[in-house]
Structure formats: C-alpha cells, structure tokens
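Note on naming: letters A, B, ... go to the chains in the order of the sequence lines (proteins, then strands), and numbering restarts at 1 for each one.
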There are 2 protein chains.
Amino acid sequence: MLFLTQEARDRLLLEDEVAPMPRAQVTRILKEAGLRPTRQRIALGCLIFGDGHRHLTAEHLHLEALEAGISLSLATVYNTLFQFDEAGLIRRVSVNSGKAYYDTDPGDHHHFYIEDEDRIIDIAPDRISVDGLPEPPPGYAISKVDVVIRLKRIEGVG
Amino acid sequence: MLFLTQEARDRLLLEDEVAPMPRAQVTRILKEAGLRPTRQRIALGCLIFGDGHRHLTAEHLHLEALEAGISLSLATVYNTLFQFDEAGLIRRVSVNSGKAYYDTDPGDHHHFYIEDEDRIIDIAPDRISVDGLPEPPPGYAISKVDVVIRLKRIEGVG
DNA sequence: CTCAATGCAAAGTATTTGCAACCGA
DNA sequence: TCGGTTGCAAATACTTTGCATTGAG
C-alpha cells in the first residue's frame with residue numbers, strides 16, 4: 001500500500017518543494033487505493049499530498065481549494081476526506097474540539113493538542129510507546145490506538 | 001421552596017430506592033466545586049453521581065431527566081455537563097464519533113471505543129501505561145493524556 | 001455508449017451563545 | 001433588595017444523505 005520510508009518521504013518533499021504533487025502521481029495513488037480519479041479528487045489530492053505533512057479541517061481544505069481556483073462544494077471535501085481516510089491515505093484525528101482534523105501523514109504516530117489554539121502537533125513515532133495494552137473484550141480486536149496529549153500554555157512565562 | 005418533613009424525606013428515599021444520590025450530598029459536591037446548587041444542577045447531579053459509573057451523551061442524560069420527571073432543556077444539559085467537566089466532577093471523552101461522551105468517573109483511566117456500536121468501555125487504570133512521554137514544546141505543559149483503543153468486532157466468530 | 005459512481009443542495013445532528021429571569025447573599 | 005449567575009430559545013457549526021448528473025471504462 002502506501003507506507004513510505006522516511007527516506008522516500010524526504011525525497012518526495014524535495015521534489016515537490018513548494019508545489020503540489022503532480023496530477024499524474026496523484027492519479028496513480030488514487031487508482032491504487034481503488035478510488036476513481038475524478039477531477040475533484042485529483043485536485044484535492046494534489047493539495048493534500050503535495051505540501052508536506054499537515055493537519056487540515058474540511059473547511060480549511062475547502063478554502064485552499066477555492067484559493068487555488070478549484071471550484072467544489074464543502075460537502076464534496078467532507079466526502080473526499082472520509083474516503084481518503086477509509087483508504088488509509090490520510091488519518092482522521094480525534095480531539096475534543098467539535099471539528100474533525102485530518103492528518104496528511106497516515107503513518108503510525110500520535111499527537112499533541114493545544115486546546116487554547118485549536119492546534120495539533122505531531123509526535124515523532126519513536127518518542128512514545130504504550131505498554132500493557134489490555135485484552136480487548138471477547139469477540140473484539142484492537143483496530144487502532146489513539147494517544148492525544150493535551151497541552152496548556154504555561155502561565156507567567158515571559 | 002423545598003422544605004420537607006422527615007416523613008416526606010423518608011418517603012422520597014424509598015421511592016428513589018434504585019436511584020440517585022441524595023440531593024443533600026449532591027448539593028455539597030456542587031458547593032465544593034464552586035458551582036451554585038441550582039434546581040437543575042442538583043437534579044442532573046443526582047442522576048450523574050448516583051447510578052454507578054457510566055458514559056453519557058447530553059441527549060441520553062436529557063432523556064433520563066425527562067423520564068425522571070425533571071423538566072429542563074437540552075441546552076442546559078450541555079452547559080451543565082461542560083461545567084461539571086471543567087470542575088473535574090466528570091470527564092469528557094473524545095472519540096471519533098461526532099458526539100461527545102461524558103464519563104461519570106473522573107478518575108485517571110482510559111477507554112475502549114467500539115465504533116460499530118458507538119459504545120465506550122472503561123479500561124482499569126492499572127492496565128495501561130504510556131512510556132516515553134515526549135517533552136512538550138517550550139512554553140507548554142501536559143494537561144491530560146487521553147488514550148483511546150479502537151475496537152472492531154472479530155469477523156467469522158460463532 | 002452505459003450505468004455505477006460521483007458531487008452537491010438540502011437536510012440533519014450536535015453544540016454554543018446572548019440575554020431575560022432568577023436567586024443566594 | 002440586587003447584581004452576578006443561570007437556563008433556555010434561538011442561532012450556529014459541523015457533517016451526512018438522496019438523487020440528478022456525470023464521466024471512466
């Protein structure tokens with residue numbers, strides 16, 4: 001599927017330094033994921049996969065698309081994000097804010113969440129480990145482990 | 001107001017046998033938490049603190065209140081849950097479902113979440129530990145660590 | 001050309017806000 | 001009494017659905 005080595009990722013980032021990922025490449029990714037490469041998906045894919053790793057809300061991505069001259073509805077952005085998540089291309093992140101965030105890095109890692117600023121920061125995958133994972137109840141299996149470390153600004157600094 | 005004879009009080013307690021924490025106790029809890037003990041808060045407090053540890057949505061609690069003959073609006077339930085969470089009396093739990101869950105056990109523990117059934121299960125606090133907590137960025141301190149273990153039903157069983 | 005798949009308007013659900021009413025001191 | 005607090009109607013924010021249209025094969 002689509003798990004890149006760090007090296008491969010770095011190479012990608014260099015190639016696409018500022019710009020979005022080329023359409024041809026996005027098309028390939030979509031096909032491999034079993035998603036029909038439609039105009040809208042390709043456009044969103046270019047934005048999502050091209051510009052480094054980020055944490056996007058549907059609304060933010062919609063704005064970016066409009067700014068880039070791509071005209072589509074917010075609902076389509078929601079649906080597309082949902083499908084990309086299902087396909088493992090991106091990862092929905094759950095924080096307590098009402099909004100849903102999507103991490104453009106689908107790799108296995110966890111997150112800081114700064115409530116006051118409604119901002120998410122990646123935690124490097126090797127910096128944290130969960131021990132003593134409990135047995136799931138009979139009939140169930142673990143599908144994913146989400147760790148969110150909630151941060152608050154230290155008062156009286158500066 | 002609400003001055004009952006001893007007899008009336010006894011009757012009430014009998015009537016509510018299965019149910020909730022006594023109003024006096026809830027009133028004390030609220031005062032200690034710095035929350036004014038209003039009619040609505042006391043009523044919700046009785047439901048929340050009385051009946052063992054549970055995972056409630058605002059809507060569910062609202063229904064319970066109505067069934068118990070307490071008339072209040074859903075908005076008040078939301079506000080009350082928010083305030084109880086702020087005060088540390090209960091704990092908001094973040095899962096990917098759109099809804100917010102409130103755990104009536106504010107103690108330090110984590111959760112299983114069964115997506116398909118939209119259900120939350122407590123993990124005993126000693127059954128899990130997170131190692132190698134990373135340094136927060138400068139200027140920030142860790143306020144809470146949330147671990148959610150997502151479960152899926154094992155297929156082909158039975 | 002064909003029809004499963006898509007994109008979006010409209011609908012639905014979850015939550016917050018602003019302010020009249022209230023009540024604890 | 002009376003002013004900070006509260007509770008709720010109304011508004012907002014977020015997300016999903018149903019179906020006419022489309023465009024990939």
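- Screening B/V95, B/T104, B/D122 against B/H55 for a side chain to side chain contact (heavy atoms under 4.5 Å, CB included) leaves a single residue, B/D122.
- For the pair A/E86 CD and C/dT6 P, the interatomic distance rounds to 13 Å; values are reported in whole Å.
- Nearest heavy-atom pair across B/G107 and B/R91 is O-NH1, 3.7 Å.
- Distances shorter than 4.0 Å separate none of the side-chain N or O atoms of A/T76 from OP1 or OP2 on C/dG7.
- Atom CG in B/L56 sits about 15 Å away from atom P in C/dA14, given to the nearest Å.
- Rounded to an integer number of Å, the gap from CG of A/L30 to P of C/dT6 is 10 Å.
- Across the protein-nucleic acid pair, B/H62 atom NE2 and D/dG7 atom P stand 13 Å apart, rounded to whole Å.
- The separation between A/R41 atom CZ and C/dG7 atom C1' is 10 Å, rounded to whole Å.
- With rounding to whole Å, B/L72 atom CG is found 16 Å from C/dC22 atom C1'.
- One can place CG of A/L44 at 14 Å from P of C/dT6, the figure rounded to the nearest angstrom.
- When the P atom of C/dA5 is taken as reference, atom CD of A/Q83 falls 12 Å away, rounded to whole Å.
- Checked against the 6.0 Å centroid criterion, the rings of A/H111 and A/H109 qualify as a close aromatic pair.
- Not a single donor-acceptor pair under 3.5 Å links the side chain of B/R41 to the backbone N or O of B/T80.
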Where along nucleotides 11-25 of chain D does protein come under 4.0 Å, by heavy atom, of base (B) or sugar-phosphate alone (S), with - for untouched nucleotides?
---SBBB-----SS-
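- Within 6.0 Å of atom NZ in A/K144, more than 12 heavy atoms from other residues, nucleotides or ligands are found, so the atom counts as buried in its surroundings.
- You'll find the ring centres of B/Y78 and B/Y102 outside the 6.0 Å limit.
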